[in-house]
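See below for the structure under consideration.
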Amino acid sequence: MAAVRVRVTQQPSRTQAGIQRLSLRLGSLLVGRVDYQVCERCRRGYLRKISVDGAYKGYGIGTRGLLRLYRRHPGYDWRTSTQYATAGTFWAGSLRSGVAAGHGGDQVV
């Protein structure tokens with residue numbers, strides 16, 4: 001697998017519990033995003049969607065976005081759903097790499 005350098009930018013929510021976004025870029029090209037919500041008070045997070053452009057899947061871009069999110073909100077209890085067909089494949093890969101499993105309390109529901 002070839003390594004690619006991804007630049008991550010944060011788009012905060014306009015409201016306290018609103019949706020936030022991490023944009024994942026190669027140069028100026030937007031290749032993925034992570035949409036999420038957090039509750040600072042209860043230290044919980046909800047992963048709404050992780051998406052990576054089809055041509056850039058398999059390079060670890062989504063996993064790196066997830067790692068950035070974990071670093072931005074350390075110790076949070078994360079939840080998500082598996083409503084998308086590709087979710088199972090992504091989470092299985094994340095678990096194999098220790099990303100999802102290495103942050104106590106993280107769950108895919």
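The shortest side-chain heavy-atom distance between W78 and L69 falls under the 4.5 Å cut-off. Looking only at side-chain heavy atoms (C-beta outward), Q11 and R33 stay at 4.5 Å or farther from each other. Between Y56 and V6 there is no side-chain heavy-atom pair separated by less than 4.5 Å.
The OH atom of Y46 lies 15.5 Å from the SG atom of C39; values are rounded to the nearest 0.5 Å. Here the straight-line distance linking atom NZ of K57 with atom OG of S51 works out to 8.5 Å at 0.5 Å rounding.
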| After noting the C-alpha distance and the side-chain angles of R48 and Q37, does the key distance pass the side-chain contact (heavy atoms from CB on, under 4.5 Å) rule? | CA-CA 7 Å; R48 294 179 53 85; Q37 292 174 277; 3.5 Å; yes
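Although no hydrogens or angles enter the test, the distance criterion places a donor-acceptor pair under 3.5 Å between the side chain of R43 and the main chain of P74. Between the side chain of R64 and the main chain of G60, a donor-acceptor pair closer than 3.5 Å is present.
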Tabulate below the donor-acceptor pairs under 3.5 Å that side-chain atoms of residues 18-32 make, not counting sequence neighbours, or state none.
{"residue": "Q20", "atom": "OE1", "partner": "Q10", "partner atom": "NE2", "Å": "2.9"}
{"residue": "Q20", "atom": "OE1", "partner": "Y36", "partner atom": "OH", "Å": "3.3"}
{"residue": "R21", "atom": "NE", "partner": "D35", "partner atom": "OD1", "Å": "2.6"}
{"residue": "R21", "atom": "NH2", "partner": "D35", "partner atom": "OD1", "Å": "3.3"}
{"residue": "R21", "atom": "NH2", "partner": "D35", "partner atom": "OD2", "Å": "3.2"}
{"residue": "R25", "atom": "NH1", "partner": "S28", "partner atom": "O", "Å": "3.3"}

